[in-house]
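For ligands, and for the atoms within them, numbers begin at 1 and follow the listed sequence. Side chains included, hydrogens not; waters and symmetry mates left out as well; all remaining heavy atoms used.
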Amino acid sequence: MASDYFTIDSILGQEKAKKMLRRAVANNRLGHAYLFRGPVGVGKKTLARAFGNYLNCQNPTDSQDACTICQSCRKLKSGNQPDLLVIEPEGVSIKIKQIRELKHALTFPPYEAKYRIVLIADIHTMRREAANSLLKILEEPPPGNQLVLTGDEASEILPTITSRCQIIPFTGLPHELVEEKLIAGGLAPAAAASLTAITYGSLGQARMMADRELLETRRAILETLSELKQANSTSVEAVFQLAEQAAALNDRLPELLDLIKLWFRDLIIIASNQPEGIVNQDLLDITGKTAKSWPINALLARLELFDLAKKQLARNCNKTLVCEDLFFGLL
Ligand SMILES: [Zn+2]
């Protein structure tokens, strides 16, 4: 369980967030509740845990971090973390039942640590009823509890929540750092560069998309689409096969569609003679062959087909049928 233990300095980037938290501790002005707000996958939850480790460390370093060797740090490293409460969405949202359970847990003092760390993740998924139930705790948590909420910057968070938290802003990570990590994780440099650009420097998202199956399906589908387009063929058989291949990704299908859409965006960039803006560096072989197969107006119209397909998927339409429609439309 040692992988669950983090120090603040071990976390990539987010210097501003780290500085704000450290300054609050140094000035003895810890907020009741922090809201870590920023893009998905840039280290919000990890920093929340690292911050907790630091708060509970018995002998913090001069650079304001957990020492990793005191009794508290050793316990946390061994995975023994009775004073860490993590609340995450059940299904699509955080439920009022979870907040009631949390309130009950907070009627007891922390088990052994100086601070019980209460991490409420993805607060943007919380609906009004559950949020109302949380407000009192946010305003005045029982002593010995440090609340940290995380939320997506792109989604709305109820103002009743944000107004009761100190907001710590997180940003997309520097691209070279993300690329380095992805390459260290075994990804080819060109693919690492593409994914980093696609996800605007979100290591978490890039890692998710680095899934080999997804990338291979993307390449296979784009190769076939490009061949069909050049042969000026709308082989029904071939399109059916493509649709089945795509639909087999199930929950990851929307991600695949995002990736394919980004490739069409590259075609638009080429058609408008701005090749320096190309994102998919690992698909240049296919892009080169296909460039200018579609007139620019046709490309722009095709981008809308992706939005339509994603809406249909969100409504639980049959995945294979949605993909068939999309691929016929793209050709
Ligand atoms: Zn320590």
Item checked: Residues clustering with Ile278 (ILVMFWY side chains joined when closer than 4.5 Å, directly or via others) -> Ile269, Ile270, Leu284

Note to self: Under a 4.0 Å threshold between the charged nitrogen and the carboxylate oxygen, would Glu139 count as salt-bridged to Lys136?
What the structure shows: no

Next item on the list: Report the relative orientation of the aromatic rings in Phe36 and Tyr34; use parallel for angles under 30°, tilted for 30 to 60°, perpendicular for over 60°.
Entry: tilted

Notebook entry, point to check: Would Asp258 and Lys310 pass as an ion pair if we require N to O under 4.0 Å?
Noted result: yes

Next item on the list: Check whether more than 12 heavy atoms from other residues, nucleotides or ligands sit under 6.0 Å from atom NZ of Lys103, and answer yes or no.
Entry: yes

Item checked: Glu140, CD atom: more than 12 neighbouring heavy atoms under 6.0 Å -> no

Next item on the list: Using a cut-off of 2.8 Å, find all protein N, O or S atoms closer to the Zn ion (ligand 1) than that distance.
Entry: Cys57 SG, Cys67 SG, Cys70 SG, Cys73 SG

